[in-house]
Protein chains: 4
Amino acid sequence: MPSASTTADASAKLVAVMAPGAGPDDAAEVVRAVTADGGRALASRGGGRTLVGLTGTARTGPERLRALPGVADVVAVTAPYQLVSRQTAPERTVVRVAGVPIGGDHLTLIAGPCAVETPDQALAAARMAKAAGAALLRGGAYKPRTSPYAFQGLGEEGLRVLADVRADTGLPVVTEVVDPRDVELVASYADMLQVGTRNMQNFALLQAVGAARRPVLLKRGMNATIEEWLLAAEYIAERGNLDIVLCERGIRTFEPATRNTLDISAVPVAQRLSHLPVIVDPSHSGGRRDLVLPLSRAAVAVGADGLIVDVHPSPDAALCDGAQALTGADLAELSRTLETLPALLGRSLTPAPQAPAAVAGLAPLPG
Amino acid sequence: MPSASTTADASAKLVAVMAPGAGPDDAAEVVRAVTADGGRALASRGGGRTLVGLTGTARTGPERLRALPGVADVVAVTAPYQLVSRQTAPERTVVRVAGVPIGGDHLTLIAGPCAVETPDQALAAARMAKAAGAALLRGGAYKPRTSPYAFQGLGEEGLRVLADVRADTGLPVVTEVVDPRDVELVASYADMLQVGTRNMQNFALLQAVGAARRPVLLKRGMNATIEEWLLAAEYIAERGNLDIVLCERGIRTFEPATRNTLDISAVPVAQRLSHLPVIVDPSHSGGRRDLVLPLSRAAVAVGADGLIVDVHPSPDAALCDGAQALTGADLAELSRTLETLPALLGRSLTPAPQAPAAVAGLAPLPG
Amino acid sequence: MPSASTTADASAKLVAVMAPGAGPDDAAEVVRAVTADGGRALASRGGGRTLVGLTGTARTGPERLRALPGVADVVAVTAPYQLVSRQTAPERTVVRVAGVPIGGDHLTLIAGPCAVETPDQALAAARMAKAAGAALLRGGAYKPRTSPYAFQGLGEEGLRVLADVRADTGLPVVTEVVDPRDVELVASYADMLQVGTRNMQNFALLQAVGAARRPVLLKRGMNATIEEWLLAAEYIAERGNLDIVLCERGIRTFEPATRNTLDISAVPVAQRLSHLPVIVDPSHSGGRRDLVLPLSRAAVAVGADGLIVDVHPSPDAALCDGAQALTGADLAELSRTLETLPALLGRSLTPAPQAPAAVAGLAPLPG
Amino acid sequence: MPSASTTADASAKLVAVMAPGAGPDDAAEVVRAVTADGGRALASRGGGRTLVGLTGTARTGPERLRALPGVADVVAVTAPYQLVSRQTAPERTVVRVAGVPIGGDHLTLIAGPCAVETPDQALAAARMAKAAGAALLRGGAYKPRTSPYAFQGLGEEGLRVLADVRADTGLPVVTEVVDPRDVELVASYADMLQVGTRNMQNFALLQAVGAARRPVLLKRGMNATIEEWLLAAEYIAERGNLDIVLCERGIRTFEPATRNTLDISAVPVAQRLSHLPVIVDPSHSGGRRDLVLPLSRAAVAVGADGLIVDVHPSPDAALCDGAQALTGADLAELSRTLETLPALLGRSLTPAPQAPAAVAGLAPLPG
């Protein structure tokens with residue numbers, strides 16, 4: 001899959017793949033060498049690897065770059081995206097969220113309430129999630145809503161609730177950020193930042209999370225092509241952050257029976273084009289509780305690296321998307337599926353972290 | 001799921017569900033009773049059941065109908081489609097194609113070449129299909145093509161080739177019919193008639209196959225809603241033929257990475273709305289060989305009743321859709337998947353018929 | 001616009017453009033010359049021109065063809081469609097329907113009821129249409145309906161009503177045909193055959209109307225690309241009939257405020273790609289009476305060659321699509337628009353035929 | 001069109017329409033009265049009117065509100081959007097941009113380069129725009145681009161260029177803002193803030209421009225329904241800014257011949273649902289220079305309140321979207337169309353401002 005050829009293709013860009021043992025100084029040296037020659041170089045780290053994207057390297061040349069310390073390979077990328085292209089990495093990336101892996105031969109369940117409503121609701125939902133096999137907790141404190149009159153989330157109060165729930169359950173937290181001005185605040189509470197479907201081409205936000213030291217869950221825009229989705233990921237990577245997980249969540253079509261149409265093919269297509277993990281949101285795709293289980297099974301079978309699922313202790317009282325939240329028996333059925341199906345596809349379900357106290361990153365980040 | 005209520009809902013239509021042991025005379029008696037009162041009644045048979053769709057029954061009434069011999073129940077249907085609605089039948093229909101079941105707890109593989117090109121090519125493809133676990137042979141003799149200058153199929157010569165291949169391999173034949181004038185001819189060779197995506201709203205053709213004594217494979221129009229798809233099935237059922245299998249084959253969206261977008265959600269949605277079996281065509285959905293295996297796995301996992309897959313002994317030389325045909329190793333991998341995955345979902349792979357000679361229905365039908 | 005180059009482009013096909021004065025024998029001679037050399041040639045006539053599409057002409061060559069009597073030019077066509085390509089004809093085609101022109105610098109209004117319901121309703125609608133400026137009468141006798149339980153049209157009885165209305169008003173008749181078996185019957189009553197949106201890729205029907213001696217109104221499929229639409233026209237042309245008018249009628253998108261989305265850009269795009277006239281159906285596009293006038297204005301302004309509009313004497317009682325039919329004041333407003341707007345675009349409104357008795361083609365066609 | 005009924009509909013919200021002569025104190029009194037009763041009230045000003053949106057007014061009641069000074073009417077709104085609903089205002093809003101009107105019986109042309117590249121290019125484009133009849137100058141300093149490697153605009157340097165060009169030509173400036181952190185800066189240079197298609201549901205940005213004292217041009221999201229578009233406008237209005245102009249710029253469909261599909265029906269639909277002006281962008285819709293003129297004509301004919309068009313002195317050298325920019329003869333043809341077509345629709349072309357020095361708002365806004 002990775003291009004062996006590094007001969008100068010006019011339209012190709014080069015990526016220096018740093019060796020596993022290479023340090024930040026090695027990458028900095030590549031950047032220095034290229035910029036000294038008038039080129040442009042961007043180092044990006046994540047998933048245990050460092051890549052340096054290069055443009056305008058005509059004078060530097062792959063041979064010279066390859067001779068630099070810590071450079072494992074220099075590959076030519078013909079895709080419009082560079083750092084996230086599969087051409088840079090034959091092995092698929094494993095992103096770790098406070099130690100919990102997504103990608104590789106793992107199957108990771110992320111679950112929780114669509115929106116944090118109260119401490120009790122959030123804790124109950126998190127316990128349901130953990131009991132069902134979730135290794136990460138999802139929950140929204142900032143909710144992008146179509147109407148300004150709909151519930152917009154609890155804001156920082158919601159983030160505090162999530163931190164408390166994490167302390168109680170040990171589940172690292174995935175939560176959405178909707179405004180570049182909030183990225184630092186959200187990152188000070190969350191283990192993974194989510195960029196939602198309506199913000200997939202909010203480039204200011206992408207760049208802000210690209211500069212944050214947290215893994216990012218990037219949902220596909222409901223009208224975005226797969227190429228646009230990967231270019232959005234490239235916006236994040238280009239700012240230095242390669243810890244990106246892609247999430248297919250349904251596209252907008254003419255079919256009214258489901259809220260959106262889960263583009264199940266997008267999972268293998270994106271996995272062939274990019275080294276990043278790809279997970280599926282069966283809850284928002286269909287918008288119907290009765291479809292979450294079959295769509296989850298389909299997602300695992302098609303080869304997704306994980307699922308992100310809405311659960312709620314009392315869906316009928318939910319302030320947001322209750323119609324799609326799993327509860328009780330549905331969730332138990334999903335749990336049973338995840339005990340057997342992944343193994344058939346060569347994957348194992350990622351367990352929840354053992355020690356609640358060991359969760360990292362709770363302290364606010366320095367500015 | 002079936003409506004217990006049969007009280008007169010103004011917008012509801014009634015369906016008389018005949019008892020398993022009831023004969024054609026019993027259904028005829030229902031038709032007679034309703035038409036005598038000025039109503040309209042249509043008997044439809046298939047999947048081992050007989051339903052009589054009723055309109056304008058205000059004067060007859062469900063109580064009187066329920067008292068007629070052979071009537072098991074009279075149910076009110078609120079869906080826009082009547083005979084194919086799940087409201088008429090709590091159990092899902094099993095359609096039998098020359099004895100091969102589709103539906104229920106079966107998982108049926110239909111495979112073969114997109115188009116019949118030569119006797120050798122068709123036989124080789126059929127043997128590949130059978131070796132991989134197919135119980136039915138697909139193959140096109142009449143090909144609806146976007147351009148008038150593309151290969152249009154071999155016509156009746158192709159039908160004769162299919163009959164020969166069936167005699168050799170024992171696999172019953174599924175083949176497309178595109179013109180109402182050809183229905184009798186095609187039905188004289190084929191075990192199952194396929195209506196293609198471009199003809200899903202060719203109502204003259206739907207009515208013609210509704211009058212034929214062959215099961216029908218009804219592909220979803222690439223721009224049809226699920227409701228329109230079920231109404232197309234109702235056109236067939238309304239002419240008396242309830243032996244219908246629905247086939248999801250991808251819808252047209254903005255995404256260019258795949259030829260069409262497989263609407264995987266359509267499988268459980270259609271199964272909840274209709275008692276008819278629903279299968280998936282992973283070959284035409286994606287139009288890419290590398291997606292057939294993951295999409296097949298997704299289809300089985302989501303609960304599809306079967307798959308219809310293109311295979312070809314030498315895809316690069318195919319006259320039609322070679323880019324998506326499975327061959328060699330891909331097909332072997334699909335075969336392995338079908339040995340293990342269905343059981344996890346409570347299904348068993350339908351075996352190919354044992355005795356080639358025992359295939360029924362080869363003789364041309366009387367006019 | 002027409003390709004001057006006739007040098008052998010491997011992927012290009014040749015079209016012999018016959019001179020205006022050339023006769024059928026001249027075209028036949030071209031066909032003979034090419035087929036004698038092992039090529040394939042198809043003569044197509046309409047809009048006052050004769051084109052001969054050629055494939056496999058490597059041995060014949062454009063120079064030799066150009067020397068044949070009656071051949072005005074031999075042009076290479078690089079589009080996937082050949083006879084309908086603008087590359088064959090710098091001037092845009094004028095199709096005549098019983099003498100009424102569509103195309104060139106004409107603006108032609110076709111109006112009438114969606115479906116023929118009764119003689120009185122059809123006559124009243126036709127008189128409304130004529131008073132508003134219509135030169136042709138539309139009206140459906142065979143209605144393709146999504147549900148088998150919806151009104152399907154009066155069939156041949158409807159055709160007789162249309163013939164009577166034509167005798168009374170002098171307006172030539174445009175009516176839909178939905179089954180290849182009905183083409184001869186419908187052509188024996190109608191002046192122009194309509195192929196509806198659901199049948200745009202009903203290739204058997206396209207070929208049947210291609211063999212009929214009547215102009216054809218080809219509606220765009222609601223999910224068809226412009227290229228597929230032109231290929232559908234090519235199916236008709238390839239059977240000899242070049243008297244084709246294209247009709248944009250809205251495509252299916254995610255927007256629910258209108259029944260379909262009028263693709264207004266399709267008019268200039270199709271006119272650049274093809275020499276055929278392109279008209280617009282503002283009634284079925286939007287499915288809303290309040291949009292018919294603004295969409296009609298947009299269609300004229302964008303350069304459409306005509307409009308086809310639903311009118312009904314009492315829309316609330318209509319058996320089909322009453323919600324979009326114009327009546328009374330709306331229709332008067334449309335009429336006023338058509339008195340002034342076309343001139344601004346360099347077009348003149350086509351008047352209705354003068355003499356009712358002079359309408360041609362009433363006698364059934366010989367088999 | 002405006003709902004006469006103000007009786008309590010459970011799902012309806014109330015809007016207090018302030019009289020033309022009412023002052024800010026009057027609106028403040030309404031807000032005070034409602035909040036004192038536990039309700040919520042939001043005053044929004046623009047287009048010469050003040051509306052106060054009310055929720056939770058059960059205890060206050062329309063009668064009491066109607067008696068407050070300066071309240072012209074209290075209307076119930078059943079749409080999901082409140083302040084932008086046509087139900088609040090029978091007359092359509094006229095938004096003034098540095099004195100230049102958009103809406104009412106005006107037809108306003110906005111033109112300029114897609115992106116500001118150099119002072120010379122921007123000035124040349126502005127002069128072309130003015131000569132062609134533009135009353136406002138468009139030009140991008142912040143460009144949201146699909147790829148992080150594409151030209152992203154000149155940023156503040158581009159804003160300074162626009163201010164210089166405004167000083168030279170007298171044309172007020174419309175320019176895009178993409179980040180809520182930049183709204184104050186951009187508003188200190190620009191006369192109108194544009195929110196682009198990819199940011200239509202960037203709610204943080206909508207709220208930021210809602211708090212700015214500048215009119216807003218809100219482009220429709222390429223995948224947004226009309227209802228979502230109006231809800232996005234409501235986000236702006238709900239923060240106090242009713243000076244909003246809606247802009248249809250094409251939606252994403254399956255058709256590849258155009259970059260997007262201009263949804264021409266959206267203009268009259270949005271005008272019926274909202275009192276805000278609606279303009280059309282024929283350049284970005286089609287993405288093709290040869291379609292700008294026909295689509296502009298269609299937009300004017302359908303009833304749009306204006307056009308926003310890309311022009312460039314040398315399109316082939318443009319850094320952004322050169323393929324769609326008008327120049328020379330195309331632009332002259334558009335200019336001629338705008339001299340004659342609007343009058344036919346009862347509109348007059350808005351002239352450019354006379355006195356360059358009189359342009360308001362150049363000084364940076366106080367923080």
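Naming convention: chains lettered A, B, ... in sequence-line order (proteins, then strands); numbering from 1 in each chain.
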**OP:** Report the option among B:I226, B:T337, B:L262 that has the most heavy-atom pairs separated by less than 4.5 Å from atoms of chain A.
**Re:**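 When all of B:I226, B:T337, B:L262 are compared, B:I226 has the most.
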Original post:
Under a 4.5 Å heavy-atom cutoff, which of B:A257, B:G250, B:P268 has the most pairs with chain A?
Top reply: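 The option with the most such pairs is B:P268.
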Subject >> Partner chain B: residue of A:E228, A:E227, A:R220 with the largest heavy-atom pair count (under 4.5 Å) >> reply: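 Of the options given, most contacts go to A:R220.
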Original post:
What residues of residues 280-295 of chain B sit under 4.5 Å from chain A when you count only heavy atoms?
Top reply: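 Contacts with chain A: B:R288, B:D290, B:L291, B:P294, B:L295.
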Original post:
What part of B:A224 gets closer than 4.5 Å to chain A, counting heavy atoms only: side chain, backbone, both or neither?
Top reply: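 The answer is the backbone of B:A224.
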Original post:
Under a 4.5 Å heavy-atom cut-off, does chain A meet the side chain of B:L344, its backbone, both or neither?
Top reply: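 Looking at B:L344, just its side chain touches chain A.
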Original post:
So which part of A:A266 gets closer than 4.5 Å to some heavy atom of chain B, the side chain, the backbone, both or neither?
Top reply: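 When you check distances to chain B, no heavy atom of A:A266 falls under 4.5 Å.
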**OP:** Starting from the C-alpha separation in whole Å, work towards a yes-or-no answer on side chain to side chain contact (heavy atoms under 4.5 Å, CB included) for B:T261 and A:T253.
**Re:** CA-CA 10 Å; B:T261 297; A:T253 71; 5.8 Å; no
Please report the closest heavy-atom contact between [X] and [Y], naming both atoms and the distance.
| X | Y | result |
| --- | --- | --- |
| B:A301 | A:A301 | CB-CB, 3.4 Å |
| B:E255 | A:T225 | OE1-CA, 3.2 Å |
| A:F254 | B:R252 | CE2-O, 3.8 Å |

**OP:** Measure the OG1-CD1 distance between B:T258 and A:I264 for me, rounded to the nearest 0.5 Å.
**Re:**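 The distance works out to 12.0 Å.
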